[in-house]
Amino acid sequence: MRLFYAFLALLVFGGPVPAALAADASVTISSPREGAKSSPKREVDIVYEVTPGPNGNHAHLYVDGGEAVVLRALKGSQAVGPLAVGVHEICIKVVNKAHTPIGTQACVNVNIE
């Protein structure tokens, strides 16, 4: 697929495709780390970076399977919570313009104690 986009870029732009267009979709959550601990009295700050790829448009943040926030910025931080005591799964999923996940995601579990 990358070869197709590179060829298309040569035809349209007369040069290599910009990195953002050529890259596959990806999501990185740099904070919190897997298994991080936090207090039920504090929000959890999620630091992330998203590359939507050719099929994605933006990302959504989910807590325990439920959508919490639409992320329009491809890089930044978002606070969630405060969360109840227990282990919570926080995921960021790349979605298309119709807000449907395209399959690219990253998740971390945080322990609120």
Side-chain donor-acceptor pairs of residues 71-86 under 3.5 Å, sequence neighbours excluded:
none

- Task: Please report the C-alpha distance between Ile112 and Val44 in whole Å, then the side-chain angles of each, then the deciding distance to 0.1 Å, and finally whether the side-chain contact (heavy atoms from CB on, under 4.5 Å) criterion is met.
- Result: CA-CA 9 Å; Ile112 308 299; Val44 177; 4.1 Å; yes

For residues 89-103, please give each side-chain donor-acceptor pair under 3.5 Å, one per line with the distance, not counting sequence neighbours.
unit_1: Asn96; atom_1: OD1; unit_2: Ala98; atom_2: N; d: 2.9
unit_1: Asn96; atom_1: OD1; unit_2: His99; atom_2: N; d: 3.2
unit_1: Asn96; atom_1: OD1; unit_2: Thr100; atom_2: N; d: 3.0
unit_1: His99; atom_1: ND1; unit_2: His58; atom_2: NE2; d: 3.1
unit_1: His99; atom_1: ND1; unit_2: His60; atom_2: NE2; d: 3.1

- side-chain hydrogen bond (donor to acceptor under 3.5 Å, both in side chains): pairs with one or both residues in residues 30-39, sequence neighbours excluded: Glu34-Asn109

- Item | Member of Val69, Val70, Val63 meeting the side chain to side chain contact (heavy atoms under 4.5 Å, CB included) criterion with Glu67 | Val70

- Message: Taking side-chain hydrogen bond (donor to acceptor under 3.5 Å, both in side chains) as the definition, give me every residue that meets it alongside Asp45, ordered by chain and number, with sequence neighbours left out.
- Response: none

- Task: Sequence neighbours left out, what passes side-chain hydrogen bond (donor to acceptor under 3.5 Å, both in side chains) with Glu43? Give chain and number order.
- Result: none

- Can you tell me which residue pairs pass the ring pair (Phe, Tyr, Trp, His ring centres under 6.0 Å) test with a partner in residues 26-56, sequence neighbours excluded? none

- Task: Keeping to residues at least two apart or across chains, list the ring pair (Phe, Tyr, Trp, His ring centres under 6.0 Å) pairs with something in residues 70-98.
- Result: none

- Query: If you group Ile, Leu, Val, Met, Phe, Trp and Tyr by side-chain heavy-atom gaps below 4.5 Å, do Val27 and Ile46 land in one group?
  - Reply: yes

